[in-house]
Amino acid sequence: MPLMGVQPVRGTRDLLGEDQRRHAHVVATARRVAGLYGFDEWQTPIFEDTTVFARSLGETSDVVTKEMYTFADRGGDSVTLRPEGTAGICRALVSNGLTQSLPQKVFYAGPMFRYERPQKGRYRQFHQIGMELIGPAEPLADAEVIACGHTILTTLGVAGNVTLELNTLGDAASRAAYRAALVTHFTAARDALSDDSRMRLEKNPLRILDSKDAGDREIVAAAPTIAPFLTPQAQEFWDGLRRALDLFAVPFIENPRIVRGLDYYSHTAFEFVTDALGAQGTVLAGGRYDGLVADMGGPPTPAVGWAAGIDRLALLLADVPAPARPVAVVPLGDAAQAAAIGVLSALRAHGLRAEMAYRGNLKKRLERANRIGAKFAVILGEAELARGVAQVKDLDSGTQTDVALHAVTAFCA
RNA sequence: GCGGGCGUAGCUCAGCUGGUAGAGCGCCAGGUUGUGGUCUUGGAUGCCGUGGGUUCGAGCCCCAUCGCUCGCCCCA
C-alpha cells in the first residue's frame, strides 16, 4: 500500500490514461462548438481576491460560508481558489475595460475548488467548462446560449440521456412578490417541514422548492408557482425565451421548481439533468445574471451563461476516441539504429505517431510494439540496411513486406 | 457538517465458528542466438489502510483514525 503522504489530497485525483482522454475530449469538443457560435476563450486566474466571490455569490450562500478555499497569502491578503467561473469572468470584463465593447462572448474551461464531501461526480478540485454572453438583454441571447450548450451535449453524444428543464425566476419585482407568497405558504405549514427546510425558510425560501424530502414535496406541490407574480416585462421575456428556443429547435420541459444556487440569477434558470449519475444529476446549468457585472464595480450590464461539470460529462461519455495507432521502429544493431532514427524522424515529420524502444532484442521490441497498439513495425537490421530497405510488418495481419527506406513513410501513412 | 457500506498483490477479488495469506488478470524470465499478438513452463510481488485493545494466537473481534464509496446537504 502507498506510504503515507503519497496519495492525493481528499477530493482530488490524478487524470491519466482514459480518464484524461475523456476529460480532454469534453473540453476540445466544447471549445470547438463554442467557437462555431462565435465565442472566444478566456483564461482568468485560478485564485482571486476573496471579495470577488464573496460579493457575487451571496454572502450567505453555502459556497461562500463554508466551501471556499480561502487563505491569507504571504503579504496578508485574503485570496480564494475560485469556486466557480462566472465571477472571475465578470471581474476580468471590468478590469479590462470591456464593458465599453459589448457584447462579449466568452468560453472558459478549467479547475474549480469547493470544500465539499466528495461523492460520485463531485470532487473538491473539479473541472468546468462554461460560457458567458455579456451585454444583450434580449431573450434571444438566452436561447442561443442554451442552444450552444445543447449542441455541445449532442456532439458529445450524451444528449439522449439528458433533458433540459427550464424555468423563469422573473425580474427583481416578480421575485420579491413570489418570495413573499412562498414565505406565507411555507410558514403556514412550518411544523410539517423538514428541519433543513425550516432553515431554508429563513435563509433562502426558494430552495425549499427543490427539496428531496418526501414530506416537503407534498407541501411544495401545493405551493404557488411564480407565474401569477410575473410582471408584464418578466412575462414578455419568458414568452420570448420559449419562442426562441423553439426556433433553435431545442427541446425542453418547463419545471417551475428549478431554482439557482447562487444569488446572482434572474429571469432564465435552466438545468440539463440526467438520472445516470445518482445524486449529482445536473450536468450543465445556468441562467441570466443581469446584476453581477454591476456588483463587480462595472456599469449595469445584462448577461447570461452556464457552466457544465467536465467530470460528470466525462462519466456520461459512451466511447472516447482512441489515440492514433503508432508505427514502431525496430532496429537491430547499432548501425541499423543510426539509420532507424532517420526513419523515425521522417515518420514524425509526416504527422505519423512513431516510437522506437530504447533497448531490447527483436522479440522484446515486437512485444512492446504490440503492447503500444502499433499498426506497423518497421524492422531494420544489417541485412536490410545493405539492401536499402526495411521490412514493414503489418501487426494485424502478420504479413511482412520489403519496402525501400525512402518509401517507408508513404507505406505506413 | 450528518448517516450507511467498504479498505487483502499493480488491477479485480476470495479468505469458513479467530490458528500467522490465495486466485484470475497484469508483470518478469524461458520454450524460439532476427519475429509480436495465441500456446506452454517457471518466477517475483503483500507493514491484510494506520494506531491501539482483547486473546496463547487477529486479515477475521472491539475502539479510534485516515481513505474510498453511496445517500443527505450543497451544487456543475
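Chain naming here is simple, since letters A, B, ... match the order of the sequence lines and numbering starts at 1 in each.
- In this structure, the side chain of Thr168(A) engages the main chain of Gly170(A) through a donor-acceptor pair within 3.5 Å.
- Closest contact between the side chain of Asp196(A) and the listed nucleotides C73(B), A76(B), G34(B) involves C73(B).
- Listed for the Asp171(A) side chain is a donor-acceptor partner under 3.5 Å among the backbone atoms of Ser174(A).
- The 5' end of RNA chain B is approached more closely, in terms of each residue's nearest nucleotide, by Lys120(A) than by the other of Lys120(A) and Glu271(A).
- Among the nucleotides C27(B), A76(B), C72(B), the one closest to the side chain of Arg114(A) is A76(B).
- Under a cutoff of 6.0 Å and an axis angle of 45°, Arg124(A) and Tyr115(A) form a cation-pi pair.
- Base pairing annotation: G7(B) forms a Watson-Crick or G-U wobble pair with C66(B), both donor-acceptor distances under 3.5 Å.
- Remark: the backbone N or O of Ser197(A) is paired with a side-chain donor or acceptor of Ser194(A) at under 3.5 angstrom.
- Aromatic rings of Phe39(A) and Phe107(A) (six-membered ring for Trp) have centroids beyond the 6.0 Å cut-off, not under it.
- Atom-to-atom, CD of Glu367(A) to C1' of C28(B) comes out at 10 Å; the value is rounded to the nearest Å.
- Using a 4.0 Å heavy-atom distance criterion, Ala285(A) is classed as a sugar-phosphate-only contact.
- If you take atom P in G22(B) and the same atom in U38(B), they sit 28 Å apart, rounded to whole Å.
- Of the listed nucleotides (G34(B), G36(B), C74(B)), G36(B) has the atom at the smallest distance from the side chain of Lys393(A).
- When the P atom of C25(B) is taken as reference, atom CZ of Arg371(A) falls 17 Å away, rounded to whole Å.
- U8(B) and C75(B): their C1' atoms are spaced 36 Å apart (whole Å).
- Of the N and O atoms on the side chains of Asp49(A) and Thr51(A), at least one donor lies less than 3.5 Å from an acceptor on the other residue.
- Closest approach to the Arg122(A) side chain among G34(B), A76(B), G36(B) is made by A76(B) (side chain taken as heavy atoms from C-beta onward).
- OP1 or OP2 of C68(B) lies within a sub-4.0 Å distance of a side-chain N or O belonging to Arg10(A).
- Nucleotide C75(B) holds its C1' atom 13 Å from the CG atom of Leu284(A), rounded to whole Å.
- A distance of 8.5 Å separates CG of Leu395(A) from CZ of Phe376(A), quoted to the nearest 0.5 Å.
- Contact between the side-chain N/O atoms of Lys364(A) and the OP1/OP2 oxygens of A29(B) is found at a separation under 4.0 Å.
- For the P atoms, the distance from G3(B) to A23(B) is 41 Å, rounded to whole Å.
- Gly11(A) comes within 4.0 angstrom of sugar-phosphate atoms only, judged by non-hydrogen atoms across all strands, and of no base.
- Comparing G7(B) with U35(B), their P atoms sit 47 Å apart, to the nearest whole Å.
- Distance check: Glu116(A) CD to Tyr123(A) OH gives 12.5 Å after rounding to the nearest 0.5 Å.
- Residue contacts for Phe126(A): at a heavy-atom cut-off of 4.0 Å it reaches a base atom on one of the strands shown.
- Counting only heavy atoms from C-beta on, Tyr115(A) has its side chain closest to G1(B) among G1(B), U35(B), A76(B).
- In this structure, G1(B) and C72(B) make a Watson-Crick or G-U wobble pair, each of the two defining distances being under 3.5 angstrom.
- Atom CD of Gln119(A) and atom P of C2(B) are 15 Å apart (whole Å).
- Side chain of Glu384(A), nearest nucleotide from U35(B), A76(B), G34(B): G34(B).
- Using the Watson-Crick or G-U wobble rule with both distances under 3.5 Å, C60(B) pairs with nothing in any strand shown.
- In this structure, the CG atom of Leu209(A) is 16 Å from the C1' atom of C74(B), given to the nearest Å.
- Listed nucleotides U32(B), A76(B), G3(B) differ in distance to Arg117(A); the shortest reach to its side chain belongs to G3(B).
- Partner assigned to U38(B) is none, using Watson-Crick or G-U wobble distances below 3.5 angstrom.
- Using a 4.0 Å heavy-atom cutoff across all strands shown, Ala383(A) reaches at least one base atom of the nucleic acid.
- Between the C1' atom of C74(B) and the CE atom of Met112(A) lies a distance of 17 Å, rounded to the nearest Å.
- For the pair Phe272(A) CZ and A76(B) C1', the interatomic distance rounds to 13 Å; values are reported in whole Å.
- Distance Leu366(A) CG to G34(B) P: 12 Å, rounded to the nearest Å.
- Rounded to whole Å, the separation between the P atoms of G53(B) and C70(B) comes to 35 Å.
- Across A21(B) and C66(B), the matching C1' atoms stand 24 Å from one another, rounded to whole Å.
- Residue contacts shown for Gly286(A) are absent, as no nucleic acid heavy atom lies under 4.0 Å away.
- Nucleotides A58(B) and G51(B) are separated by 14 Å at their P atoms, to the nearest Å.
- Contacts of Gly130(A) with the nucleic acid, taken as non-hydrogen atoms under 4.0 Å apart, are absent.
- Residue-level contact check: Ile379(A) touches the bases, meaning some heavy atom is under 4.0 Å from a base atom.
- Distance noted for atom P between C16(B) and C61(B): 10 Å (whole Å).
- When heavy atoms are screened at a 4.0 angstrom cut-off, Asp396(A) is found touching base atoms of the nucleic acid.
- With A29(B), A76(B), C73(B) as the choices, the nucleotide that has an atom nearest any side-chain atom of Lys212(A) turns out to be C73(B).
- G22(B) is paired with C13(B) under the Watson-Crick or G-U wobble criterion, all donor-acceptor distances under 3.5 Å.
- Note on Arg365(A): nothing from the nucleic acid sits closer than 4.0 angstrom, heavy atoms only.
- Relative to the side chain of Arg200(A), the nucleotides C74(B), C72(B), G34(B) differ in distance, and C74(B) lies closest.
- Nearest-nucleotide mapping onto RNA chain B: of Asp213(A) and Arg312(A), the residue sitting toward the 5' end is Asp213(A).
- When distances run from any side-chain atom of Asn370(A) to the nucleotides C74(B), G36(B), A29(B), the shortest one goes to G36(B).
- Between the side chain of Trp306(A) and the backbone N or O of Met131(A) there is no donor-acceptor pair closer than 3.5 Å.
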